[in-house]
There are 2 protein chains.
Amino acid sequence: MTAQVLNGKKTRGSGVDIIQVAQCAGVSPATVSRVTNGRSTVAKHLAKKVWRAIEELGYTPNPQARALVSGRSRVLGLLVSEITNPFFPELMQNFEDVAGKHDFEVMVGSTNYNRERAKIFIRRLVQRRVEGVAVMTFRAESHFLDELIAENIPLVTIDVSADAARSLVLEVDYAQGIDEAVQHLALLGHRWIGFASGPMPHLTNVRRKDAFVRAAKRIGLAAEKAPVFVGDHTFEGGTQAALYFLGLKPRPTAIVCSNDMMAVGVLRVMAERGIQVPRDMSVIGFDDIHLAEFINPPLTTVRMSRQELAKAAFHGLQQLWTEKSPGSRNAIHVGTRLVVRQSTDSPREAAEALPRKPRVRKARMRPVLA
Amino acid sequence: MTAQVLNGKKTRGSGVDIIQVAQCAGVSPATVSRVTNGRSTVAKHLAKKVWRAIEELGYTPNPQARALVSGRSRVLGLLVSEITNPFFPELMQNFEDVAGKHDFEVMVGSTNYNRERAKIFIRRLVQRRVEGVAVMTFRAESHFLDELIAENIPLVTIDVSADAARSLVLEVDYAQGIDEAVQHLALLGHRWIGFASGPMPHLTNVRRKDAFVRAAKRIGLAAEKAPVFVGDHTFEGGTQAALYFLGLKPRPTAIVCSNDMMAVGVLRVMAERGIQVPRDMSVIGFDDIHLAEFINPPLTTVRMSRQELAKAAFHGLQQLWTEKSPGSRNAIHVGTRLVVRQSTDSPREAAEALPRKPRVRKARMRPVLA
DNA sequence: TATAGTCCGGAAATCGATTTCCCGCAAGTC
DNA sequence: GACTTGCGGGAAATCGATTTCCGGACTATA
């Protein structure tokens with residue numbers, strides 16, 4: 001399509017420059033530039049000729065030249081914490097899609113919880129002159145970002161505000177989804193629910209945990225303090241949490257997890273111990289990663305929409321670009337909500353007491369333990 | 001670090017240009033350029049002064065300007081087929097790491113098996129003047145790449161050669177790992193093994209299937225043709241394959257899958273039907289995605305190393321850059337190998353006939369079906 | 001009709017590097 | 001001692017756009 005034959009010689013898209021287009025259209029390069037950028041007002045008949053010439057030659061402006069003079073690279077940075085957690089690839093794709101629609105490219109980097117990796121990546125961002133960065137690491141490792149702040153690069157973060165002029169926070173409403181989760185369990189008859197939290201110094205994890213504790217209190221589920229296990233936001237963290245709750249007496253009849261990877265770890269321990277989910281133990285995750293649907297049993301979880309998050313991050317950056325005064329520090333709100341699948345059910349005792357309501361569910365393995 | 005105070009005013013890394021460095025070092029801009037690029041021979045004492053000036057001012061060359069004049073953007077493209085298959089994020093990260101070490105940035109795009117998405121992404125690659133593209137889609141959808149080929153952009157593909165001058169193929173040795181898998185099953189006592197194949201027109205799937213059929217024949221496992229189900233390379237494809245094999249009589253005692261996502265689908269069906277893996281059915285995957293380790297039971301699978309693949313792809317591009325004659329069309333070899341976990345065991349009958357060897361395995365659910 | 005105000009579009013400066021061209025100096029050769 | 005050779009490094013052209021500046025034409029107003 002792009003490659004065309006003109007004057008008998010093949011002209012490649014990237015071999016055509018603005019001067020050739022200008023000559024072909026019979027105008028000056030400045031006019032071509034004005035047309036391609038929608039600048040000021042160019043007479044309609046001239047604009048038409050320019051577009052025709054562009055089409056004919058298969059011209060695409062050289063982004064390097066464009067960036068050099070305009071100072072705008074049209075590249076954004078996206079920092080995530082671990083690529084093997086499926087939450088992040090999906091977020092990446094959504095962010096790239098939004099950015100792409102606005103003619104931005106995205107440099108993605110995964111810290112893998114490694115301070116040095118993050119530093120190196122951020123240096124690359126600065127060197128490439130990105131126009132904005134979305135930090136989606138759910139972490140408050142402040143001085144990661146010092147270099148970006150020093151360069152006055154627009155910054156969007158999650159949960160915890162970067163203390164910088166051109167920055168903005170995405171406030172995720174964890175309470176919304178977690179309230180739904182706890183209510184869902186309460187309705188099923190659960191009265192003693194454990195919470196598997198992520199590492200505690202991190203604000204995002206504090207918020208998730210607090211949301212759970214408040215929800216539990218509000219429902220009046222347990223007179224005593226709801227049992228909380230503080231672990232890692234990983235598969236292993238989940239297995240540890242599961243072992244902890246199984247050792248408790250009375251043993252909780254349900255576990256709410258701070259993210260899906262932990263829930264997957266919990267499910268593994270339950271399977272190994274022959275504890276039937278959801279009959280003997282209900283499990284709820286957080287994130288709604290793709291995998292949640294595929295695991296056994298399909299995981300009931302709180303969805304934090306990757307698409308919504310990605311859009312919010314991009315719009316946050318847009319806001320920072322247009323906004324004159326770096327004063328209006330309004331956070332952007334991102335909701336969460338419960339997705340019910342098959343890892344939750346009435347606890348055993350309640351299920352026997354209550355009339356068994358018909359549920360759409362495939363045949364499952366017979367329970368083994370008491 | 002980068003931001004320094006000089007002459008009383010704060011100088012940002014991206015605010016310093018080569019001329020200031022030249023003045024600071026008392027040389028010409030040309031010399032600075034020569035030093036930063038390691039060009040020709042600059043007197044040691046001058047080079048030292050230049051480096052000192054660079055350090056002091058926190059200078060980083062403007063990549064746009066550099067790219068503009070040199071014609072080298074130092075950006076690569078990476079095309080994958082679906083971001084939700086964990087194989088690809090891991091591949092992406094590895095590729096970015098290798099590329100980053102050589103000062104390249106990477107534009108990643110996921111086609112999601114959507115022709116239009118691929119087209120759009122490739123157009124973006126061309127517009128950004130990438131210096132090379134790695135197409136890791138395991139697909140032969142040839143005319144995706146026409147635009148790249150027209151621009152004469154170096155191209156590395158998997159399995160199937162792009163019919164272009166500056167291109168190179170990564171030949172994955174499927175047979176290696178699949179032979180190991182079949183032998184492993186044979187040693188466990190399996191004699192009737194099903195193969196869940198991916199969609200058939202695609203060369204990569206043909207190769208995987210052929211490798212299986214040959215391995216099965218070579219071992220002399222079954223007098224008759226080994227049963228093959230042709231499905232989709234997805235979770236759903238796996239569930240369909242499982243249902244097919246369960247309907248067969250005699251029912252296979254093991255299923256080898258063309259990728260891990262299918263294997264995950266198979267495991268789901270088995271769990272729903274109460275069929276115990278590995279006691280009643282052994283399952284082997286292909287890829288060794290991260291998830292394979294976390295699913296129940298941990299999946300025995302053939303590992304195709306993402307790191308090896310990423311390195312091979314990058315080195316392939318390097319080869320295409322240096323190589324003068326576009327003649328030496330030597331493919332690059334990438335190996336595979338079996339990783340034994342807990343989804344394979346002796347089939348029930350054989351297990352009872354043979355003396356039960358002790359295996360390290362956690363407690364599992366009691367088998368339910370015959 | 002004269003003058004001010006608008007609008008359009010061309011000429012040229014600019015962004016920040018790389019790279020070519022060329023000159024001067026020092027070393028080597030006869 | 002004169003001439004060649006080689007090498008280090010400065011001046012200036014170059015990449016391909018955007019953007020400023022400015023002049024000419026056209027319209028509106030008195």
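Each chain gets a letter, A, B and so on, in the order its sequence line appears, and its residues count up from 1. Note that this is a predicted model, so its numbers are computed, not measured.
- Closest contact between the side chain of A:Ala65 and the listed nucleotides D:dA17, D:dG10, C:dG9 involves D:dA17.
- Between the CD atom of A:Gln64 and the P atom of C:dT18 there is a distance of 14 Å, rounded to whole Å.
- Across all strands shown, B:Ala30 has heavy atoms under 4.0 Å from base atoms, whether or not it also approaches the sugar-phosphate.
- The B:Asp17 side chain lies nearest to C:dA17 when the options are D:dT18, C:dA17, D:dG10.
- Residues that satisfy the side chain to side chain contact (heavy atoms under 4.5 Å, CB included) test with B:Asp159, not counting sequence neighbours, are B:Phe138, B:Val172, B:Tyr174, B:Thr204, B:Arg207.
- At the phosphate of C:dT18, neither OP1 nor OP2 sits under 4.0 Å from any side-chain N or O atom of B:Ser70.
- Each of B:Val32 and A:Gly26 lies near DNA chain C, and the nucleotide nearest A:Gly26 is the one positioned closer to the 5' end.
- Straight-line distance from the CZ atom of B:Arg128 to the C1' atom of D:dA17: 14 Å, rounded to whole Å.
- Atom CD1 in A:Ile18 sits about 17 Å away from atom P in C:dA12, given to the nearest Å.
- Closest non-hydrogen pair, B:Thr137 versus B:Ser81, comes out as O-OG, 3.7 Å.
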Enumerate, atom names and distances included, each donor-acceptor pair closer than 3.5 Å involving a side-chain atom of residues 90-97 of chain A, sequence neighbours excluded.
| residue | atom | partner | partner atom | Å |
| --- | --- | --- | --- | --- |
| A:Glu90 | OE1 | A:Arg306 | NE | 3.1 |
| A:Glu90 | OE1 | A:Arg306 | NH2 | 2.7 |
| A:Glu90 | OE2 | A:His290 | N | 3.2 |
| A:Gln93 | OE1 | B:Ser110 | OG | 3.3 |
| A:Asn94 | ND2 | A:Glu90 | O | 2.9 |
| A:Asp97 | OD1 | B:Arg117 | NH2 | 3.3 |
| A:Asp97 | OD2 | B:Arg117 | NH1 | 3.2 |

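- Side-chain N/O atoms of A:Tyr59 include one lying less than 4.0 angstrom from OP1 or OP2 on D:dA17.
- Counting non-hydrogen atoms under 4.0 angstrom, B:Leu46 reaches the backbone sugars and phosphates but no base.
- For B:Arg66 and D:dA17, the CZ to P distance is 21 Å, given to the nearest whole Å.
- The CD1 atom of B:Ile153 lies 9.5 Å from the CZ atom of B:Arg129; values are rounded to the nearest 0.5 Å.
- The CZ-P distance, from B:Arg39 to D:dG10, rounds to 17 Å in whole Å.
- With sequence neighbours excluded, the residues satisfying side chain to side chain contact (heavy atoms under 4.5 Å, CB included) with B:Arg74 are A:Arg128, B:Asp103, B:Phe104, B:Glu131.
- Set against C:dG10, D:dA17, D:dG8, the side chain of A:Ser28 has C:dG10 as its closest nucleotide.
- The side chain of A:Ser33 sits closest to D:dT19 out of C:dC15, D:dC15, D:dT19.
- Contact annotation: A:Thr31 side-chain N/O to C:dG10 OP1/OP2 distance is under 4.0 Å.
- Shown here are the side chain to side chain contact (heavy atoms under 4.5 Å, CB included) partners of B:Ala118, two or more places apart in sequence or in another chain: B:Thr111, B:Phe144.
- Atom C1' of nucleotide C:dA17 and atom CZ of A:Arg129 are separated by 11 Å, given to the nearest angstrom.
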Could you list all N or O pairs between the protein and nucleotides 21-26 of chain D that sit under 3.5 Å apart?
none

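- Nucleic acid contact class of A:Val27 (heavy atoms, under 4.0 Å, all strands): sugar-phosphate only.
- Comparing C:dG16, D:dG10, D:dA17 against the side chain of A:Val69 picks out D:dA17 as the nearest.
- Between B:Asn37 and the phosphate of C:dT18, there is a side-chain N or O to OP1/OP2 separation shorter than 4.0 Å.
- Atom CG in A:Leu57 sits about 15 Å away from atom C1' in D:dG16, given to the nearest Å.
- Annotation: of the two residues near DNA chain D, B:Pro29 and B:Leu68, the 5′-most nearest-nucleotide partner is B:Pro29.
- Here the P atom of nucleotide D:dG16 and the CD1 atom of A:Ile19 are 8 Å apart, to the nearest Å.
- Between B:Ser33 and B:Ile18 the shortest heavy-atom distance is N-CD1, 3.8 Å.
- Not a single side chain to side chain contact (heavy atoms under 4.5 Å, CB included) links A:Val69 to another residue, sequence neighbours left out.
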